[in-house]
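Have a look at the structure below before the remarks.
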Protein chains: 2
Amino acid sequence: MDKGRKITINDVARLSGVSKGTVDRVLHNRGEVSKESRDRVLRVIDELGYRPNIYASLLASRRQHKIICVIPEYMPGEFWELTERGLVKGGEYAADYGIEVKTVKYDQYDLESFQQACSRTLEERPSGVIIAPLFRTETFRFVSELKSRGIVYMYIDSKLEDDSYLAYFGMPMYQSGYLCADLLTDGRKVRKVHVIRIARDKKGLSDPTVTRRAGFMDYMSEHYPETEIENVFIDPKDASAVRSGLDRLFSEEPDPHKYLVMFNSRVHLVADYLREHGIVTCRVVGFDVLERNLTALKDGFVQLLIGQHADSRTEDAVVAMTEWLLLHKPIARKDNYTQMDILNRYNCDYYLQQ
Amino acid sequence: MDKGRKITINDVARLSGVSKGTVDRVLHNRGEVSKESRDRVLRVIDELGYRPNIYASLLASRRQHKIICVIPEYMPGEFWELTERGLVKGGEYAADYGIEVKTVKYDQYDLESFQQACSRTLEERPSGVIIAPLFRTETFRFVSELKSRGIVYMYIDSKLEDDSYLAYFGMPMYQSGYLCADLLTDGRKVRKVHVIRIARDKKGLSDPTVTRRAGFMDYMSEHYPETEIENVFIDPKDASAVRSGLDRLFSEEPDPHKYLVMFNSRVHLVADYLREHGIVTCRVVGFDVLERNLTALKDGFVQLLIGQHADSRTEDAVVAMTEWLLLHKPIARKDNYTQMDILNRYNCDYYLQQ
DNA sequence: AAATTTTCCGTGACCGTTCACGGAAATATG
DNA sequence: CATATTTCCGTGAACGGTCACGGAAAATTT
C-alpha cells in the first residue's frame, strides 16, 4: 500500500476531475456536491486507497472539542478514583489532539446533585459526553437532551437500554457474579455462603451490582442448590455498624471456616475486620482493585479479587471518543465488555503497572 | 495552560528577537546558533511554556521511519501468531504517523535462518527494531551492530541482559511459574505432579520457559516439599509420540486424578489426549491463550490458563517505539512486565475481544 | 425572456512547523 | 589590507489538509 509517495487529496482531485475543495466536501459530507461528482470522487478514493493525513487535517482544522465525563464524586481510594485516573490518562492523549477533557462530578446518593451536574455539563457545550448512569430516569432525560443537541455520548460502568449511545465500556455484570460464585466455591461443596451487602436507601438509583448478584445466585442454584445463602447487611459509612454486623455473624455461627463474598468494591471492610480479629480461616472473594483491597489480598484476608481495569476502560472511552470526534473513525465495537481479571496474591503485583 | 490562542514558534521567535528558523535550530539542537541566541530562545520557550505543535511538525518533517520486528515464523494458531496480530494493530497506528512496520521472520530452530533474518533487517535500514531474542549469542551480536548504527531496539517476550535496549515487553517468567504452581495445587496437598515437557535439541537457544519452570519448582519446594514432580517428555511434532508418551503416563500410574502442567503454549496437546480418552479427572494448567487452548478450557479438559495478552504487548511496543521515533517521547517504563491473566471457563469469553 | 434563486464548484489564504538556500557579519588566512 | 573561511541567521517554499468566499451554470420564478 505504501508505494513511494503518499496519496494526497490533490491526487484524488486530479484523478476525479474536480478540485480539492470538492474532495474535501465529499470527505466530510458537507453537501454542495452533485451526485455524479460525489460518486466519482468516492470511487477514486477507494481505488487509490486514499487516507487523509490526520496531521494536515488537524493542523488546518480550527474546531475546538471538549469532552465532559460525568461520574460520581469519591473519597481517595474509592472505586471511582480508578475511573478518573483513566480519564486523566485519556485526557493527556486527547490533549495532544487539542481536545479538552473535563470531569463533572455528582453525589451518587443525591438526585438533585446529579441534575445539577447534567446542566453544568450542558453549559460547557461539549462535543461529547461520557457518563456513568447511576440515576436511571434522570439519565434518560439527560441523554435525550444530549441527542437533541447533537452531542454524542458513551456509557461507562453500566448502561441504559436506549440505543443512541455511541459505545459502552463496562464489565459484564451478570457474568462477573457467575464467575465470582465459581471462584468462591472453588469446586467444593459449601454448606453456607454469606453475602455481605450494603444497606442503603436507593430512590431511583440503578445499582449495577443487582445484576451481579443475580449471576451469583444463578450459578449457586445451578451448581449447589443445597447451599444456604445468607445476606448480612452493613452500613459502610458507620465503622461501628460494620463491626457489630460482622460480630453478630461470627458469634451466631460457630464455624470459623466461612465463605464470604461482597459484590461491590468494599471487601476491604470485611478484610479489616478479619485482620483485627486474626481470622484467617475464611474464604473471601471480592471485586475491584482498590489499594485497600490489594493490601487485603496480599495479606491473605481476601483470597481472590475480580478486577476490571476500570482505569484503562475509561481511557479507552476517551480515546474512542477522541478518534470519533476528530477523525470520525467508526467505533470498533459498540458494547465493550471488559475482561474480568482474576487476581490472587501471586499475580496482583503486575496488575497495576499496566 | 490553554489561554486562548496557542503559543507558536513565531511567538517565541518574536520575543527572543530571532527568526523562527533559529528557534527551530535551537529546538532540534541542529547547531549553527550562537550561545547568546540559544540561551535567549531557551528562556523565552520556558517562560511562555511553548510546546511545539506535533501536527505541524509531523506534517513538515520529511523523514521516513521504518520499524522492523524480528520474530519466529509460525503455523496458524501457534503462539507467535498472537504476537504478530499485535504487530499488525500497532502497524495501523504507526501508519497514521507515516511509519511503516514490517516483520522479518526466522525459523526458531535454525540459527542460520536467524542470522539471515538479522542481515535482512539491516538491509531494510530501519529506524527501530523489535526483537524476540531466542538465540542468545547471535542476538547479542545483532543488537551491538544495531547500536553501532544508531538503530534503537526493544525486546519482546524475553530479554537479554545488555542495557542498551529501549524497552522490554514481556511476561515475568519466573513469577508465572510460581503462580502456575499455586493454581495447579490450589491449596490442596498433592502427592504427585506431572510436568509435560517438549523434547528438543537446543543449541544456543535461550528457552524462556526454563525460568518459568524454576519459579514453579521453587513454589513447590517452598510449599509442598514432599510432592513428587515427574517430567514427561513428548515431541510436539510427532502426534503418535505425544500419544505414546501420555499412554505410558496413564498406564504406568493407576491414579486417574492427575495433576498436569505444561510450561509452553502447547497444553492443547494434552487436552486432545484427554478428550480422546474421555478423561475428565485431571487438573490441568497451561499457558497462553491460543484458540485450541481456549477450546480445551471451555470443554473442561484444561482447568486454567495463564494468559498474557501477547498481542497487545507487541502493540504497546510498536506504539512506544513510534512515539519515541517521532516525538522523542520518553519511554514510560523500561521493563514492562505484562500482567498474568488467570482464565477459566467463565471469564475466557471476554478475554479475546479486548 | 428576464430576474431570481439554487446548486455546484474552484480558488487561495491559512494552520505551525521543517529545512534548504543564500547571504551578512565575524574571523582567519595570506 | 584583500581574500577566504567560518559562524550565524533570516527567508520562503513546502507539507496536506480546511473552509470562507465568490462566481458560473442550472433551475426556478415572475
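Order of the sequence lines fixes the chain letters, A, B, ..., with proteins taken first and strands second; residue numbering starts at 1 for each chain.
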Aromatic rings Tyr93(A) and Tyr97(A): how do their planes relate, parallel, tilted or perpendicular, breaks at 30° and 60°?
tilted
Lys/Arg cation over aromatic Tyr165(B): Lys334(B), 6.0 Å, 45° cone
yes
Would you tabulate the pairs of protein nitrogen or oxygen atoms and nucleotide nitrogen or oxygen atoms of nucleotides 6-9 of chain D closer than 3.5 angstrom?
{"residue": "dC9(D)", "atom": "OP1", "partner": "Ser34(B)", "partner atom": "OG", "Å": "2.9"}
{"residue": "dC9(D)", "atom": "OP1", "partner": "Ser37(B)", "partner atom": "OG", "Å": "2.3"}
{"residue": "dC9(D)", "atom": "OP2", "partner": "Ser34(B)", "partner atom": "N", "Å": "2.7"}
{"residue": "dC9(D)", "atom": "N4", "partner": "Glu32(B)", "partner atom": "OE1", "Å": "3.3"}

Length of the CD1-P vector between Ile7(B) and dC15(C), whole Å
16 Å
Parallel, tilted or perpendicular, judged at 30° and 60°: which one describes the rings of Phe114(A) and Phe135(A)?
tilted
Ignoring hydrogens and geometry, is there a side-chain-to-backbone donor-acceptor pair from Ser16(A) to Arg40(A) under 3.5 Å?
no
Atom-to-atom span, CZ of Arg51(A) to P of dG17(D) - whole angstrom
12 Å
From CZ of Arg30(B) over to P of dC21(C), roughly how many Å is that when rounded to an integer?
13 Å
Partner set under side-chain hydrogen bond (donor to acceptor under 3.5 Å, both in side chains) for Glu73(A), not counting sequence neighbours
none
Using atom CD1 of Ile54(B) as one end and atom P of dC15(C) as the other, report the distance to the nearest whole Å.
19 Å
Measure from CG on Leu48(A) to P on dG16(D) and round the result to the nearest Å.
14 Å
Might you work through the ring-ring contact (aromatic ring centres under 6.0 Å, His included) test for Tyr155(A) and Tyr168(A), ending with a clear yes or no?
CA-CA 5 Å; Tyr155(A) 290 125; Tyr168(A) 161 67; 7.3 Å; no
For atom CG of Leu58(B) and atom C1' of dG16(C), their distance in whole Å:
12 Å
Look at atom CZ of Arg30(A) and say whether more than 12 heavy atoms of other residues, nucleotides or ligands are closer to it than 6.0 Å.
yes
Once rounded to the nearest 0.5 Å, what's the spacing between atom CD1 of Ile71(B) and atom CD1 of Ile131(B)?
11.0 Å
Measure from NZ on Lys6(A) to C1' on dG16(D) and round the result to the nearest Å.
12 Å
Write out a two-atom table: protein N or O, nucleotide N or O from nucleotides 13-15 of chain D, distance below 3.5 Å.
{"residue": "dA13(D)", "atom": "N6", "partner": "Lys20(B)", "partner atom": "NZ", "Å": "3.2"}
{"residue": "dC15(D)", "atom": "O2", "partner": "Ala60(B)", "partner atom": "N", "Å": "3.4"}

For Lys159(A), is there an ion pair with Asp335(A) - N to carboxylate O distance below 4.0 angstrom?
yes
Rounded distance (Å) that lies between atom C1' of dA25(D) and atom CD of Glu36(A):
14 Å
